[in-house]
Amino acid sequence: MSNHTKTILFKHSSKKSPLSGGVWKLVIELVIAIGAILMLLPVVFIFITAFKPDSEIIHFYSILPRHWTLENFREILENPAEVPIFRWFGNSVFISFMVTALILLVDSLSAYALARLNLPGKRIVFALIIATLMVPGQVLLVPVYLILNWLHWLDTPLALIIPAGAGAFGVFLLHQFFLGIPRELEDAAAIDGCSRFGIYRHIVLPLSKPALATLGIFVFIGSWNDFLGPLVFLDSVDKYTLPVGIALFQTSYAAEFGLTFAACVIATLPVLIVFMIFQKHIIKGISLTGLKE
Amino acid sequence: MNNRKLLYSLSGYLFVLPYLTLFGIFLVLPLFYGLGLSFFRWELASLVPPKFVGLHNYSEALTSPYFLKALWATFRFVVMAVPLTVGSALVVAVWINTVPLKRQYYYRAAYFLPVMISISVAGLLWRWFYNSEFGLFNAYLSLIGLKVPWITDVRLAMKSIVLMTIWWTMGGAMVILLAGLQQIPDHYYEAASIDGANARQRFFYITLPLLRPVLLFVIVMNIIGSFQVFGQTWMITRGGPELSTRVLVQYIYETAFTHYRMGYASAMSWLLFLVIMIFSIIQFRILREKQ
C-alpha cells in the first residue's frame with residue numbers, strides 16, 4: 001500500500017460516524033431478524049395453507065384460513081393406495097439409512113488404511129480417488145443407469161443405495177481427520193498385540209465420532225433430498241422416495257392444492273422435528289465441510 | 001521374511017477393497033463408459049445396434065439450437081444465482097457474527113432451515129407463490145394494481161427461479177462462511193480498531209483476506225452445483241416458458257430418458273463437465289493470484 005492511499009484511508013476512518021456503535025449493532029440485528037422471518041415465512045405458509053379448503057387457496061383472501069379444515073389430511077390418509085405417502089416416507093428412511101451406513105463403513109475402512117497403514121502405492125490410490133471429487137454426478141447418470149439396467153437393479157432400492165457408496169468425499173474427509181489422531185495410542189495398542197482391524201475398531205472409530213457424525217449427517221441429508229437419482233432409477237409409484245412421490249402432485253394432482261399442501265406438511269414435519277432436535281449438530285456438520293482442507 | 005512383510009503390507013488393501021470395488025464399478029467404469037458412449041449413436045429403445053460416429057454427437061450438440069439454448073439458460077442461471085447466493089450469504093454471515101452468541105444460534109437456524117426442505121416441497125410451494133392467477137405474490141401485488149408474470153414471462157422466469165434458489169440454498173453457504181468468520185482471531189480486529197480502521201476497512205483488510213480459503217470453497221462448490229441445476233426448474237417451470245428455463249441437466253435428462261438417445265446425452269454431459277472444469281480452474285486461478 002502506498003503512503004498516499006494510506007493517508008486517504010486514515011482520513012476517511014477518522015470521520016466519526018453519526019450513530020454510535022451500539023445503535024448500528026441494533027439496526028443490523030433488526031435487519032437480520034426481519035430477514036430471518038422472511039426466510040421462515042414460506043415454510044410457515046405450507047403449514048397454514050394445508051388447513052385451508054381448496055376454494056380459499058384458489059381465491060386468496062388472507063394468510064390465515066377463514067375456515068380451518070382437516071379435510072386435506074383426511075383425504076390423503078384415507079387413500080393410501082392412490083397417494084402412498086407413508087410408503088414413500090418408509091422408502092426414503094430405509095434408503096437414506098442404508099446409504100449412510102454403507103458410506104460410513106466402507107469409507108472409514110479405506111480412509112483408515114490409506115491414512116495409517118503402510119500400504120505400497122497408497123499415495124497413488126489416494127490421489128486417484130481424490131481426483132474424482134471434481135466429477136459432477138450428472139456425467140455418471142446415463143452410464144450408471146445402463147450398468148444398473150444390466151444388473152437388473154433398476155426400480156429397486158439397490159439402485160439408489162449401492163452406487164452412492166462410490167463417492168470420494170467421505171474417504172477424503174475421514175482420511176484428513178484420521179491423519180490428525182495422535183499415533184501414540186495406536187502404537188501402544190499394537191505393542192499390546194492388537195490387530196490392525198482391532199485398532200480401527202477400538203481406537204480409531206471411537207476417537208472419530210465427530211467426523212463420522214459430520215459425514216453421516218451430510219450423507220443422510222444428501223440422500224434424503226436426492227431428486228434426480230430416484231427420478232431416473234425408479235419406475236413404480238410404490239417404490240418412490242418422498243421427493244419424487246411429492247413431485248407427482250405437480251402433475252397427477254395439479255389442481256388439488258389442498259391435497260398438495262397436506263402432503264407437503266406430512267413430508268416436511270419429520271424433517272423439521274429432526275432438525276430442531278439435532279440442529280446444532282447438523283449445522284456444525286455442514287459448516288465443518290468448508291473448513292476441513 | 002521380506003516376502004512375508006510385503007504380503008502383510010499388501011493385505012492391508014483388504015480394508016480398501018470394499019470401497020475400491022464400489023469406486024471401480026460405479027465411478028471409474030461409468031466415467032469411461034460414458035465417455036465411450038459419447039462417440040456412439042445409440043438409441044436404447046430401437047433395435048439398431050450402437051454405431052461408432054466419432055465426434056458427431058459433439059458437433060451435433062455444438063450446432064444444435066436446443067443444446068445452445070439450454071447452455072445459455074444454464075449460464076444465465078449460474079451468472080445470477082452464484083453471486084447473489086454467495087453475496088447474500090456473506091452479508092448475512094458477517095452481520096449474524098456481530099449478534100450476541102445466544103441469539104446468533106436462533107438466527108443461524110432460521111436462515112438454514114430452507115436448506116432442509118426437499119426440492120419437491122420447495123418447488124411446489126414456490127410454484128404456488130408464483131402462480132399468476134391465484135398465487136400468493138400476485139394476490140398481494142394486486143392490492144396495488146400489479147400483476148407480475150413471474151414464471152410465464154420469458155424474460156422474468158429465470159430470475160424467479162434464481163430468487164427461489166437464493167431462499168433455498170443461501171443458508172448452506174451462510175453457515176460455512178459463519179464458521180469461517182469465527183475462526184478469525186479477535187485480536188486481529190482489536191489491533192485494527194486501535195490503529196483506527198473503521199468497519200469497512202476491517203472487512204476489506206482483515207475479514208476478506210482471512211476468509212479467502214473458505215470463500216473460495218463456497219464459491220467453487222456453488223458454481224459446480226449451479227451448473228447442475230435441475231430440481232428448481234423441473235418443479236417450478238418444467239423448462240418453460242418457450243424453453244427459457246430449460247437448463248442443460250433437464251435437456252440431458254430428456255434426451256436420455258424420454259428419447260433414449262444415450263450417446264448424444266453422454267456427449268452433452270461431458271460438454272457440461274468440461275464447462276464446469278474450466279470454470280473451477282479459472283476460479284482457483286483468480287482467487288489464488290490475489291493472495
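By convention in this document, chain letters (A, B, ...) are assigned in the order of the sequence lines, proteins followed by strands, and residues within each chain are numbered from 1.
For a residue to count as touching a neighbouring chain, one of its non-hydrogen atoms must lie under 4.5 Å from one of that chain's; by this rule A:Val265 does not touch chain B. Using a 4.5 Å cut-off between heavy atoms, A:Ile103 makes no contact with chain B at all. With a 4.5 angstrom heavy-atom cutoff, A:Ala247 touches chain B via backbone and side-chain atoms both. Proximity to chain B involves both the backbone and the side chain of A:Ala33, based on heavy atoms less than 4.5 angstrom apart. Interface residue A:Phe197: backbone and side-chain heavy atoms are both found under 4.5 Å from chain B. If you measure heavy-atom distances from A:Val274 to chain B, you find no contacts under 4.5 Å at all. Both the backbone and the side chain of A:Ala168 come within contact range of chain B, with heavy atoms under 4.5 Å apart. Only the side chain of B:Ser280 comes within contact range of chain A, with at least one heavy atom under 4.5 Å from a heavy atom of that chain. In this structure, chain A has heavy atoms under 4.5 Å from both the backbone and the side chain of B:Trp234.
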Side-chain donor/acceptor pairs under 3.5 Å, residues 13-32 of chain B, sequence neighbours excluded:
unit_1, atom_1, unit_2, atom_2, d
B:Tyr13, OH, A:Pro120, O, 2.8
B:Tyr19, OH, A:Ala166, O, 2.9
B:Tyr19, OH, A:Gly167, O, 3.1
B:Thr21, OG1, B:Leu17, O, 2.6

Side chains of residues 221-231 of chain A: which donor-acceptor pairs under 3.5 Å do they make with residues two or more places apart or in other chains?
unit_1, atom_1, unit_2, atom_2, d
A:Ser223, OG, A:Ser96, OG, 3.3
A:Asp226, OD1, A:Gly229, N, 3.4

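The CZ atom of B:Phe257 lies 6.5 Å from the CZ atom of A:Phe233; values are rounded to the nearest 0.5 Å. Put simply, CD1 on A:Ile246 and CG on B:Leu124 are 7.5 Å apart, with the number rounded to the nearest 0.5 Å. Rounding to the nearest 0.5 Å places CG of A:Leu272 at 5.5 Å from CG of B:Leu113. Note: A:Leu242 CG to B:Ser120 OG = 7.0 Å, rounded to the nearest 0.5 Å.
For the residue pair B:Tyr107/A:Glu29, the side-chain donor-acceptor check at 3.5 Å is satisfied.
In this structure the side chain of B:Trp128 reaches within 4.5 angstrom of the side chain of A:Thr49, judged on heavy atoms.
Considering every non-hydrogen atom in both A:Met134 and B:Phe273, the closest pair reads O-CE1, 3.8 Å. Between A:Gln138 and B:Ile252, the shortest heavy-atom distance links the atoms OE1-CD1, 3.7 Å. In terms of heavy-atom proximity, B:Met235 sits nearest to A:Gln250 at O-NE2, 2.5 Å.
When atom types are taken as modelled, the side chain of B:Tyr111 and the backbone of A:Ile32 share a donor-acceptor pair closer than 3.5 angstrom.
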